[in-house]
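Structure first, then comments.
Residue numbers start at 1 and run along the sequence shown.
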Amino acid sequence: MRGSINLHIYFFWSFTLFSFFSNIVTSVNTLTAIQSLEINQTLVSPNQVFEFGFFRPSTSRWYLGIWYKDIPERIVVWVANRDTPLENSNGTLKIGDNGDLVLLNQTGKSIWSSNETTATNPVIQILDSGNLILIEANEKNTSNYLWQSFDYPTDTLLPGMKLGRNLETGMEHRLTSWKSLDDPSSGDFSYRMEYHGLPEFFLRNKQIKEYRSGPWNGLIFSALPVLSSNFILQDNMSFDATEVYYFISKVNNSKHTRLAMNWTGEIQRHVWVESSQSWNKLWYAPNDECDKYVRCGPFGICDSSAFPVCSCIQGFHAKNQVEWNLRDFSEGCVRNTGLDCGKDKFLRVQHVELPETTIVFVNMSMTLNDCEDMCMKNCSCTAFANVEITNGGTGCVMWTDELLDMRQFAAGGQDLYVRLAASDVVDEDHTGSAGSSDKKNNVGRVVGITVTTATVILGVSMYCLWKRRKLQSIWKWKTIQKGITKLKSIIRNQHPEVTFRDPSGERNMDDLELPLFDFNTITMATNNFSEANELGQGGFGCVYRGRLVDGQEIAVKRLSKTSGQGIEEFKNEVKSIAKLQHRNLVRLFGCCVEKDEQMLVYEYMENNSLDSILFDKAKCSLLDWQIRFNIICGIARGLLYLHQDSRLRIIHRDLKGSNVLLDREMNPKISDFGMARIFGSDQTQANTRRVVGTYGYMSPEYAMDGLFSVKSDVFSFGVLVLEIISGKKNRGFYLSEESNLLGNSWKHWKEGKALELIDSSFANSYSASEVLRCIHVGLICVQERAEDRPTISSVVLMLGSETASMPQPKNPGFVLGKSPTDTDSSAKQEESYTVNQVTITDVDAR
């Protein structure tokens, strides 16, 4: 009897254990039909390259996706249920009864599934390529899949994936952006192939075309750079009766490469650099004015190195000269002379991105001469070209309508033959039409250039080659001199008292000693301005980390060519900081003014900006109270030097957390003098019609009336002090004292609860007397009336002495409109405002 009972117990526990273990994942990279994948489980590819499972962005919703396993930062490359997220952590993935993948929510309802299959014993596998496949359990060839994630790209193209269309089934493979940085659902941007005519890609914002890749020319899409020469990525196109698609492949041992579209609609190519453990952005688009779709209108051509960027092809002029002069090129160009079909000629336009090719005639077997003959006989033909540039040029493509979205390259591109009236075709360099703002256009040459002209060109070329060595040294010297002259002109424009040393004369103690860096040096130091080296960006442009050949680490501030404030910032930075040397000011090493670039080279700060740590919940604990107190004192000493101790009295005008950089030892250094103003020794305040600065740090008299002085910087310093203590941002000016940091600090001070402002991240590791003294200093610095605020020299004294007497603070300047003492309190709350001309930047970490 006992043996019978024991046998029953054995079978009971055996069945229970089997039922339990059959429902969990027992294989690293495979999920069987009797298993399920829960929130806390993942599948990992055989070589630990990719991982598949549930993830949650900063929202509370859960998604099923694939990401890199062997990279510290989670980069999601595919999302299954991007538009049907799980609302909580109760989700399950399994193989359904129809042989498909099924994602179930907490109620057991299917919220996402793959297509049905006829599988008998299917399993799910994640491969080292990043491909999730559904395959028969006994199938050894992974290409014989029943379903694969590679057929359904989201925002990323991995090597082996396709972008294009299956002509038999109509299935389209395209990229679609995330909705936001933290929301994987389908966004507004798409990157998809137009396969009619010649295949090319279009970036769309909803249905509006914003960027065009150019047609496939046999090697690449013509607007994209050639990357195969770098032995990193190879572009490929496949054409047959059933499919037209593009794919990338690795051509070296680079660990990871990808093409992705971010949520703002930027197409990016990345490669993983193992040595630096970071992604290098090889290329991105759109990245300049000429990347904007049809920037120059019909028959217009765009050149990003020219000003203005648009011009008309030879034989054309601006359709609307007035709008063209106002830099509105949308109406494009029209012919100077009407066509006469039997007498027309063709203008050869070199090094261009071919016009849009969605509606064109294409014949791959025709030669260029055949193409010309056909175009000449067809009076509707407006231009022709080779389809591909390989083997000296092959195939024929013809346009019979307006030529749209052409771009000029310095080298590369293709030859385009444009139909013109015979009288508009010339054989020499020419000045553009009135609509081209006297900009030099492409050299126009009749097809079939004469032997005489060719002989002259050959003779001139030989002469130039003979003279090259002699001219080269002169050219280099002139280039250097041109850069120096340009820099001096920029500096003297608004600061005439600056003098320069004559290389042949004695050194003047008032000379501006500012080294010039050449462009190639900066390019090498920043790894060609790669995304991996980008430290931050603002209205002026981007800041990059770099390393010079001698090992010196630098930060390069590269002014954007499209920035409205970049030139002014450059001038201010140079004239304000070039002569300043203080331990609490960032050091300017030099600048670069070459190739239409304007760059400032600074010392590199290892810990980035103050606000990037202070307002980051994961990092703020690095700033204990002693470090914060030292930062407060260091900023005060830096301001004291600017206001009083330097040879120039400088008002910073944009003091904030992102403009305070921290070195390796967390010592603060004030940076970004683009908005600074230099005062005379006897000047105390100034007035401006252009208010610049950052909302939340500007003093009331400056924000409302344009009055600024040393007391304006003191106000900004007070805001910074309260932010450093509380770990909270000041959000600006509000009517309610509860609504912003200044008002809240004032309320706590009046109620005797000032210590409740302390950031909880530094716990009890603080001196209560020091914290109270700093809060007191902060509040008297942010008082509403400028005359009530102390000078920065008094602030330094108060911070450094426990016995220094301090006045009681008055109402802070956090209220727009009437002060609390006014009887009329009917002023409306304003979130934004204008005083004459106002430039206000958002508070944003660099």
Side-chain angles (χ1 to χ4, degrees), residues 24-32 35-57 62-82 85-86 91-95 101 103 112 114 122-135 137 139-163 173 175-176 178 184 232-233 247-262 268-274 277-281 532:
I24 66 172
V25 180
T26 58
S27 177
V28 173
N29 70 317
T30 302
L31 186 77
T32 68
Q35 296 172 322
S36 62
L37 191 72
E38 308 295 337
I39 288 288
N40 60 347
Q41 298 173 314
T42 62
L43 301 182
V44 179
S45 66
N47 291 316
Q48 305 280 307
V49 181
F50 285 96
E51 189 168 16
F52 169 66
F54 293 91
F55 71 97
R56 182 174 61 177
W62 287 84
Y63 297 86
L64 189 63
I66 299 171
W67 56 89
Y68 291 100
K69 170 69 174 176
D70 55 354
I71 291 178
E73 179 186 4
R74 175 176 287 182
I75 301 293
V76 177
V77 298
W78 184 77
V79 185
N81 60 321
R82 65 184 311 184
L86 285 165
T92 302
L93 177 74
K94 58 183 292 187
I95 298 177
L101 304 184
L103 177 59
W112 174 84
S114 66
V123 295
I124 304 169
Q125 289 183 11
I126 179 70
L127 307 180
D128 285 326
S129 62
N131 194 11
L132 182 74
I133 63 173
L134 188 65
I135 193 170
E139 178 61 64
K140 302 301 182 184
N141 183 0
T142 56
S143 63
N144 291 332
Y145 52 82
L146 303 167
W147 175 92
Q148 64 169 348
S149 63
F150 271 17
D151 281 339
Y152 305 91
T154 50
D155 69 328
T156 301
L157 183 74
L158 298 174
M161 295 177 72
K162 302 175 182 178
L163 288 184
H173 308 287
L175 300 183
T176 305
W178 285 24
I232 295 173
L233 292 175
F247 63 100
I248 56 175
S249 57
K250 293 188 290 186
V251 294
N252 72 350
N253 294 322
S254 299
K255 191 170 186 179
H256 298 303
T257 59
R258 59 189 170 97
L259 185 149
M261 180 167 60
N262 68 15
Q268 305 170 340
R269 288 177 182 239
H270 297 268
V271 62
W272 177 255
V273 181
E274 191 68 26
Q277 288 288 289
S278 62
W279 289 99
N280 183 9
K281 185 162 69 173

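A centroid separation of 6.0 Å or more is found between the aromatic rings of Y63 and F54. Aromatic pair F50/W78: centroids not less than 6.0 angstrom apart.
For the salt bridge (charged side-chain N to carboxylate O under 4.0 Å, His left out) test, residues two or more places apart in sequence or in another chain that qualify with E274 are K255. Shown here are the salt bridge (charged side-chain N to carboxylate O under 4.0 Å, His left out) partners of K281, two or more places apart in sequence or in another chain: E266.
Side-chain atoms of N81 never come within 3.5 Å of backbone atoms of W112 as a donor-acceptor pair (strictly under, hydrogens ignored). Between the side chain of N280 and the backbone N or O of A532, no donor-acceptor pair lies under 3.5 Å. For the pair E139 (side chain) and N141 (backbone), a donor-acceptor distance under 3.5 Å is present. At least one donor-acceptor pair closer than 3.5 Å links the side chain of S114 to the backbone N or O of L101.
Interatomic distance, I133 CD1 to T30 OG1, rounded to the nearest 0.5 Å: 8.5 Å. Between atom CZ of residue R258 and atom NE2 of residue H270 there is a gap of 4.5 Å, rounded to the nearest 0.5 Å. In this structure, K69 NZ and I126 CD1 are separated by 12.0 Å, a value rounded to the nearest 0.5 Å. In this structure, T42 OG1 and F52 CZ are separated by 10.0 Å, a value rounded to the nearest 0.5 Å. Expressed to the nearest 0.5 Å, how far CG of N131 lies from OG1 of T142 amounts to 8.5 Å. Here T156 contributes atom OG1 and I75 contributes atom CD1; the two are 8.5 Å apart, rounded to the nearest 0.5 Å.
Minimum heavy-atom separation, S149 to I66: OG-CD1, 4.0 Å. Heavy-atom minimum distance, W272 versus P72: CH2-CD, 4.2 Å. Closest heavy-atom contact between L163 and P153: CD2-CG, 4.4 Å. The shortest non-hydrogen separation linking E38 to G91 is OE1-O, 3.4 Å. Annotation for P184 and V79: closest pair CB-CG2, 4.1 Å, computed over non-hydrogen atoms. Listed here is the closest heavy atom pair of V49 and D70: O-OD1, 3.5 Å.
In summary, of the residues considered (L132, L93, L86), a side-chain contact (heavy atoms from CB on, under 4.5 Å) with L64 occurs for L93 alone.
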**Request:** Could you walk me through whether L127 and F150 pass the side chain to side chain contact (heavy atoms under 4.5 Å, CB included) test, one step at a time?
**Result:** CA-CA 11 Å; L127 307 180; F150 271 17; over 6 Å; no
**Request:** For W279 and H256, run side chain to side chain contact (heavy atoms under 4.5 Å, CB included): C-alpha distance rounded to whole Å, both residues' side-chain angles, the deciding distance at 0.1 Å, then the answer.
**Result:** CA-CA 9 Å; W279 289 99; H256 298 303; 3.6 Å; yes
**Stepwise side chain to side chain contact (heavy atoms under 4.5 Å, CB included) test for L175 and D155** = CA-CA 5 Å; L175 300 183; D155 69 328; 5.6 Å; no
**Message:** Under the criterion side chain to side chain donor-acceptor pair (under 3.5 Å), I'd like the reasoning laid out for S45 against N29: C-alpha separation, chi angles, the key distance, then a yes or no.
**Reply:** CA-CA 5 Å; S45 66; N29 70 317; over 6 Å; no
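Between T257 and P159 there is a side-chain heavy-atom pair separated by less than 4.5 Å.
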